[in-house]
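Following: one structure in C-alpha cells, then a few remarks.
Just so we're on the same page: letters track the sequence lines, and every chain starts at 1. Every value quoted in this text rests on a predicted model; they were computed, and no experiment measured them.
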Number of protein chains: 2
Amino acid sequence: MDENSKYKELLNREGIKSTRHRNAILELLEESEFPQTAEQLFITLREKTASIDLSTVYRTLDTFASKNLVIKSNRVDDGKALYELNHNEHKHHILCVGCHKLISIEDCPIGELKQTLKNKIDFDITGHKLEIYGYCHDCKKYKLPPGNHDNL
Amino acid sequence: MDENSKYKELLNREGIKSTRHRNAILELLEESEFPQTAEQLFITLREKTASIDLSTVYRTLDTFASKNLVIKSNRVDDGKALYELNHNEHKHHILCVGCHKLISIEDCPIGELKQTLKNKIDFDITGHKLEIYGYCHDCKKYKLPPGNHDNL
DNA sequence: ATGCAAATGCAAGGCAGTTGCATTTGGCGA
DNA sequence: TCGCCAAATGCAACTGCCTTGCATTTGCAT
C-alpha cells in the first residue's frame, strides 16, 4: 500500500474507508480528462488493477457522488450515467460536431439567470447542465451538416 | 375517424401513414405542456383511447423524433427519455428535483456566450442544450432529498 | 491481535427500452 | 368499392444498464 493512500485522508474526511478499489477509482478519475461511464471505468480498472466487480464500481461512484466527490450526470444522447471528479471548479464543454473534439470553457452564463429565477418564481437552482454544439475553427470551413442539435 | 385526421396531412407530408395511434399520440403531445415520458403517455393513452402497446408508443415516438416532429431528450436526474412536440420555438425548462415538476422559462443565457466564444476561440455555436434543476417554491421548505417524489 | 461495521463479490433481480415475428390495418390501384 | 401489400401494431421475449440481497472479506479503532 504505497502512495495510493494519498487519498486516505480525503476519504476519511468524508467518513468513509480508504480501500484499494476506492483509491484506484479516484486515481483513475483524476487521470480522466472527461466524464466516463461506469463501464469505461470498470474496463480500465480490470486492466490495471486486478479484479473488481461492476457493482462495486457503481456503488463506489454513487457513494462518491453522495459525498460530492464526483459529479454524476447523464449523457444527452443515450442517457447513460457519466461520472467525473468534482474539482469544484465550474466549467462546461463545447462539442465540435465536425470533428467531435471537446473543448473546455470557463464561461458560465447561469449566474444571472439564477438570481432572476429566484426573484421571479422563487426557484432555487442547485445545479445545471449545459451542452453546446457547433463548429470549431478548423471544421467550420468544411461546413459539414450538423446533427439533430438544432434550436437557437 | 372524425377530425382526428387533422394530423393526416402532417403525417403524409413526412411519408408515414396516419393511424389511430399516431393521431392520438400527436393529439396528446399537443395537449401536453411539458415533455412526457413514454410511460406517462402510455398510461394516458390507455385511459382515453382503448388499447395500445407500450412498444408502439416507443416506436411511434422514435419515428416522430426521426422526422423531427418531436424532440427526444433525457431527464437530468434519472436519465429517462422525455418526448415533446417540436414547436421550433426556443425555450428551456427547469426541473424541481423534489417533485419532478417542470417549469418553462423563456430566458436563454446563451446569446452573449455565443459572441464571446466566437471572438475568443473562433467557435461557431449551432445549438445547445440547457438543463437546470433545483427546488421549487413548494419543495424547498420540505428540504426533501432529490428523488422521485412525483406529485408531492 | 481482535472484533465489528463497512466494503466487496457474486448472482439474481428490476426497470426502461428494443426486437422478432405473426397479425392487422391504411391507403393505393384496379 | 374491393383487394392487395407494405407499413403499423400487439405480444412476448429479450437486452442493457443498473441495483439489491446476502455471504464473505477487509479496514481500522481499540
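The separation between B/Ile43 atom CD1 and C/dC15 atom P is 13 Å, rounded to whole Å. For A/Gln36 and D/dC18, the CD to P distance is 14 Å, given to the nearest whole Å. Here the P atom of nucleotide D/dT26 and the CG atom of A/Asn12 are 19 Å apart, to the nearest Å. Between the CZ atom of B/Phe42 and the C1' atom of C/dC15 there is a distance of 14 Å, rounded to whole Å. Taking atom CD1 of B/Ile16 as the reference point, atom P of C/dT25 lies 19 Å away to the nearest angstrom. When rounded to the nearest whole Å, the span between CG of A/Leu11 and C1' of D/dG27 equals 12 Å.
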N/O to N/O distances under 3.5 Å, protein versus nucleotides 1-4 of chain C:
none

Return the polar atom pairs (N/O with N/O) between nucleotides 15-17 of chain D and the protein under 3.5 Å, or none.
from, atom 1, to, atom 2, distance (Å)
D/dC17, OP1, A/Lys80, NZ, 2.8

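Every pair tested for ring pair (Phe, Tyr, Trp, His ring centres under 6.0 Å) that includes a residue from residues 52-89 of chain B fails, sequence neighbours excluded, so the list is empty. Note on residues 14-35 of chain B: pairs passing ring pair (Phe, Tyr, Trp, His ring centres under 6.0 Å), not counting sequence neighbours, are B/Phe34-B/His93.
Nucleic acid contact class of B/Asp62 (heavy atoms, under 4.0 Å, all strands): sugar-phosphate only.
Residues forming a salt bridge (Lys or Arg N to Asp or Glu O under 4.0 Å) with B/Lys67 (at least two apart in sequence, or on another chain): none. Judged as a side-chain contact (heavy atoms from CB on, under 4.5 Å), and not counting sequence neighbours, the contacts of A/Ile103 are A/Ile94, A/Lys101, A/Cys136, B/Ile121, B/Phe123. B/Glu84 pairs by the salt bridge (Lys or Arg N to Asp or Glu O under 4.0 Å) definition with nothing, not counting sequence neighbours. In this structure A/Asn12 satisfies the side-chain contact (heavy atoms from CB on, under 4.5 Å) test together with A/Lys8, sequence neighbours excluded. Applying the salt bridge (Lys or Arg N to Asp or Glu O under 4.0 Å) test to B/Glu31 and every residue at least two apart in sequence or in another chain returns B/Lys48. Annotation: side-chain contact (heavy atoms from CB on, under 4.5 Å) contacts of A/Glu131 (sequence neighbours excluded): A/Val76, A/Lys129, A/Tyr133, B/Lys129. Judged as a salt bridge (Lys or Arg N to Asp or Glu O under 4.0 Å), and not counting sequence neighbours, the contacts of B/Asp124 are A/Lys140, B/Lys118.
Judged by distance alone, with hydrogens and angles left aside, the side-chain atoms of A/Arg22 form a donor-acceptor pair with the main-chain N or O of A/Lys17 at under 3.5 Å.
Counting non-hydrogen atoms of other residues, nucleotides and ligands closer than 6.0 Å to CD of A/Glu33 gives a total of 12 or fewer.
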- Nucleotide by nucleotide, 5' to 3', does protein get under 4.0 Å of the base (B), only the sugar-phosphate (S), or neither (-) in nucleotides 8-13 of chain C, counting heavy atoms? BBB---
